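Notes follow once the structure below has been shown.
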Amino acid sequence: MNGIVNIPTPVNEPVREYAPGSAERASLEKKLEEMMSEKIEIPIIIGGEEIRNGNLDQTVCPFDHAHVLGDFHQAGAPEVEQAVEAAKRAWEEWSEMPWEARAAIFLKAADLLAGPWRDTINAATMLNQAKTVHQAEIDSACEMIDFFRFNAAYMEFIYRQQPQSSPGVWNYVEYRALEGFVFAVTPFNFSSIAGNLPTSAAMMGNVVLWKPASTAIYSGYWFYRMMEEAGLPPGVINFLPGHGPDVGDPALDHPDLAGVHFTGSTATFQSMWKRIGGNIARYRTYPRIVGETGGKDFVFAHPSADPVEVATALVRGAFEYQGQKCSAASRAYIPASLWDEARDSMTSQLDEISMGSPLDFSNFVSAVIDAKSFASIRDYIEHAKKEGADIIAGGGCDDSTGYFVEPTVVVTKDPKFKLMKEEIFGPVLTIYVYEDDEIDEALELCDTTSPYGLTGAIFARDRYAIVEMMRTLRHTAGNFYINDKPTGAVVGQQPFGGSRASGTNDKAGSYLNLLRWTSQRSIKETFVPARHFSYPFLGK
């Protein structure tokens, strides 16, 4: 094709409201009822072929754990080896495909998700991950659509970056796919992340082995089927549900590993990095390692802040999606002068919150993801009770029907309390009230108490205070918010990622992430080559 192609300028997908009586709400409710009424069998998918090996597990509704959405086959070492071979065959053609042809697949996927597939993917996320309708819409629909459209534009931007040329020489670079496969390991908490990690690497011409979280197989499977409809060729992304080590160990040990795209726990990422290091001499190339891991995200209020605004940010930032966002507010530092009003506003708002099934659109929160998570969160709450911390809201846990944990607020007098340091990944917010004249000490505690560096928020009306807090907390968060909650990063607006124990900060939602999935070749062409070795300086 003779033409310099321009990707359509991306804009963020509008969020649907699903108001009572609206057509969009009726359509989604119909899809939810349909998907709740059927149980499906989910295969391993390698090279476009469905594999059913009989090693089955179940995918359920966290808010009704007796309701089985489907049975899924689990991959192991034989399937990983088969997937590597399928990916290798696909790489020959996929890596050489014109970039605009690759882009067309993902732009089509965006339109499919914005249109005929929207209800299916949103419903799958609500059922499989217990997201409310709003949390599903901003994640599995809008954010994933944004990833497709913005990443295609970022790909064009990257390819347009070319070096200068001097007289008689033409310099340019080509952007090659990595040699080998990218291993994408995705979390349960965001369907958009589960979709973006394999597709962002694939968009740049790579082939992928995708291991979705076992607690989000159902939504991942429907996403894969949508990608097939968009025209993704067989073998470009291979769908490998299964137990972590059963899939991860053989994938990380394979000589053709070219990269890891990961979102999950810090401990798991560190274990993977260590295994890669141990294997480094056997790989054909040094693997690219990209990871977004844990967080212990904070809200820090200055005495000049508005206490009601702080309280509202805490309620939304800590408890939307049951606190299971890697960006969720998990600790807060509130000055004593604001505490009474902030506490009263927060507890009053929490009293208005309803918890239950996401099928009831009036519920603000639902269940946590599984029994293991439920038990871990309950243990933290019990520890707070045992150690004499003040639980001013929530604290109740009930797993009889679903894995329900009440939005819980703990107040501690110990700024180094366990719940101020460790990632909980659930609806538990721990607050330390500091004396107004000890703000410098409180800022230092905010900076040093936790090993993480993902998101954080400050509240103040005093601009001098904002400047000083920004400086002091410079390295505490890769995504930093002023007078806003620390959640809700939007593709193209707030590139997402953190450092310290929170990851490699390769910024999903920006061109920086896509740069990790390409390998430059610099090309120099001389139009009239030299015909003798001599240089002028050699003359007498």
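The shown structure was predicted, so the numbers you read here are calculated from the model rather than taken from an experiment.
Going from atom CD1 of Ile334 over to atom CD of Glu341 covers 12.0 Å, rounded to the nearest 0.5 Å. Of the inter-residue distances, the one linking Tyr380 atom OH with Glu423 atom CD reads 8.5 Å to the nearest 0.5 angstrom. Between the OG1 atom of Thr518 and the CE atom of Met155 there is a distance of 10.5 Å, given to the nearest 0.5 Å. Atom CD of Glu320 and atom NZ of Lys131 lie 10.5 Å apart (nearest 0.5 Å). Residue Met36 holds its CE atom at 5.0 Å from CG of Leu359, rounded to the nearest 0.5 Å. To the nearest 0.5 angstrom, Thr408 atom OG1 is 4.0 Å from Ile381 atom CD1.
By the side-chain hydrogen bond (donor to acceptor under 3.5 Å, both in side chains) test, Lys507 pairs with Asn479, Asn505, sequence neighbours left out. Under the side-chain contact (heavy atoms from CB on, under 4.5 Å) criterion, Thr472 pairs with Leu443, Glu468, not counting sequence neighbours. Applying the side-chain contact (heavy atoms from CB on, under 4.5 Å) rule to His475 yields the partners Arg500; only residues at least two apart in sequence or on another chain are considered. Under the side-chain contact (heavy atoms from CB on, under 4.5 Å) criterion, Ser265 pairs with Ala267, Thr268, not counting sequence neighbours. A search for side-chain hydrogen bond (donor to acceptor under 3.5 Å, both in side chains) contacts involving Asp360 returns Ser362, not counting sequence neighbours. For Pro8, the side-chain contact (heavy atoms from CB on, under 4.5 Å) test picks out Leu107, with sequence neighbours left out. Applying the salt bridge (charged side-chain N to carboxylate O under 4.0 Å, His left out) test to Lys418 and every residue at least two apart in sequence or in another chain returns nothing.
Thr120 has its side chain within reach of Met35: a pair of non-hydrogen atoms, C-beta onward, lies under 4.5 Å apart. Between Gln349 and Leu314 the shortest side-chain heavy-atom distance does not fall below 4.5 Å. Annotation: side chain of Pro486 is not in contact with side chain of Phe298 (no heavy-atom distance under 4.5 Å). Between Ile431 and Val410, every side-chain heavy-atom pair lies at or beyond the 4.5 Å cut-off. Asp370 has its side chain out of reach of His65: every pair of non-hydrogen atoms, C-beta onward, lies at least 4.5 Å apart. Considering only heavy atoms from C-beta on, Cys326 comes within 4.5 Å of Leu454 through its side chain. Between Trp222 and Trp117 the shortest side-chain heavy-atom distance falls below 4.5 Å. Proximity of Phe190 to Gln129: side-chain heavy atoms (C-beta onward) are nowhere separated by under 4.5 Å.
In this structure, the side chain of Ser27 does not engage the main chain of Ala23 through any donor-acceptor pair within 3.5 Å. For the pair Thr476 (side chain) and Leu473 (backbone), a donor-acceptor distance under 3.5 Å is present. With hydrogens and angles ignored, the 3.5 Å screen pairs a side-chain donor or acceptor of His302 with a backbone N or O of Ser304. Between the side chain of Arg288 and the main chain of Arg516, a donor-acceptor pair closer than 3.5 Å is present. Although no hydrogens or angles enter the test, the distance criterion places no donor-acceptor pair under 3.5 Å between the side chain of Ser376 and the main chain of Lys372. At distances below 3.5 Å, at least one donor-acceptor pair connects side-chain atoms of Arg118 with backbone N or O atoms of Ala114. Remark: the backbone N or O of Phe404 is not paired with any side-chain donor or acceptor of Asp398 at under 3.5 angstrom. The closest donor-acceptor contact from the side chain of Asn128 to the backbone of Tyr218 lies under 3.5 Å. Looking at Asp306, its side chain does come within 3.5 Å of a backbone N or O of Glu309 through a donor-acceptor pair. Checking side-chain atoms of Asp436 against main-chain N and O of Pro335 turns up no donor-acceptor pair under 3.5 Å.
For His383 and Phe417, the gap between ring centers is short of 6.0 Å. Centroid-to-centroid, the aromatic rings of His261 and Phe183 stay 6.0 Å apart or farther.
The closest side-chain donor-acceptor pair between His134 and Thr132, if any, does not fall under 3.5 angstrom. A donor-acceptor contact closer than 3.5 angstrom is absent between the side chains of Asn513 and Asp506. Residues Asp139 and Ser192 bring a donor and an acceptor atom of their side chains to less than 3.5 Å of each other. In the model, Ser191 has a side-chain atom that pairs as donor or acceptor with a side-chain atom of Thr125 under 3.5 Å. The closest side-chain donor-acceptor pair between Thr487 and Lys485 falls under 3.5 angstrom. Asn122 and Glu137 share a donor-acceptor pair across their side chains, judged by distance under 3.5 Å alone. Using a 3.5 Å distance cut-off with no hydrogens or angles, the side chains of Gln322 and Ser366 do not pair a donor with an acceptor.
Within a 6.0 Å sphere centred on NZ of Lys385, heavy atoms belonging to other residues, nucleotides or ligands number more than 12. With a 6.0 Å radius and a threshold of 12 heavy atoms from other residues, nucleotides or ligands, Arg316 has its CZ atom at or below the threshold. When the shell of 6.0 Å around NZ of Lys416 is examined, it contains more than 12 heavy atoms from other residues, nucleotides or ligands. No more than 12 heavy atoms of other residues, nucleotides or ligands shown are found within 6.0 angstrom of CD on Glu17. Taking a 6.0 Å sphere around CD of Glu444, one finds it holds 12 or fewer heavy atoms contributed by other residues, nucleotides or ligands.
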Distance-only criterion, 3.5 Å: show the donor-acceptor pairs between side-chain atoms of residues 289-296 and protein atoms not counting sequence neighbours.
residue, atom, partner, partner atom, Å
Thr293, OG1, Thr266, OG1, 3.4
Thr293, OG1, Ala501, O, 2.7
Thr293, OG1, Ser502, O, 3.2
Thr293, OG1, Gly503, N, 3.2
Lys296, NZ, Ser330, OG, 2.8
Lys296, NZ, Leu419, O, 2.8
Lys296, NZ, Glu422, O, 2.6

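Within the structure, the ring pair (Phe, Tyr, Trp, His ring centres under 6.0 Å) test picks out no pair touching residues 477-506 (sequence neighbours left out). Pairs engaging residues 450-460 under the side chain to side chain donor-acceptor pair (under 3.5 Å) rule: Asp297-Thr455 [sequence neighbours left out]. Residue pairs satisfying the side chain to side chain donor-acceptor pair (under 3.5 Å) criterion with at least one member in residues 150-160, sequence neighbours excluded, are listed as follows: Asn6-Arg160, Arg102-Tyr159, Asn151-Asn196, Glu156-Arg160. Sorted by first and then second residue, the ring pair (Phe, Tyr, Trp, His ring centres under 6.0 Å) pairs with a member in residues 310-357 read Phe300-Tyr333; sequence neighbours excluded.
Electrostatic pairing of Arg149 and Glu13 counts as a salt bridge here, judged by a charged N lying under 4.0 Å from a carboxylate O. With respect to Lys386 and Glu382, no salt bridge is recorded, no charged nitrogen being found less than 4.0 Å from a carboxylate O.
A parallel orientation is assigned to the rings of Phe262 and Phe269, their planes being inclined by less than 30° (bins at 30° and 60°).
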Check the pair Asp64, Thr401 against side-chain hydrogen bond (donor to acceptor under 3.5 Å, both in side chains), reporting the backbone distance first and the verdict last. CA-CA 5 Å; Asp64 181 6; Thr401 301; over 6 Å; no
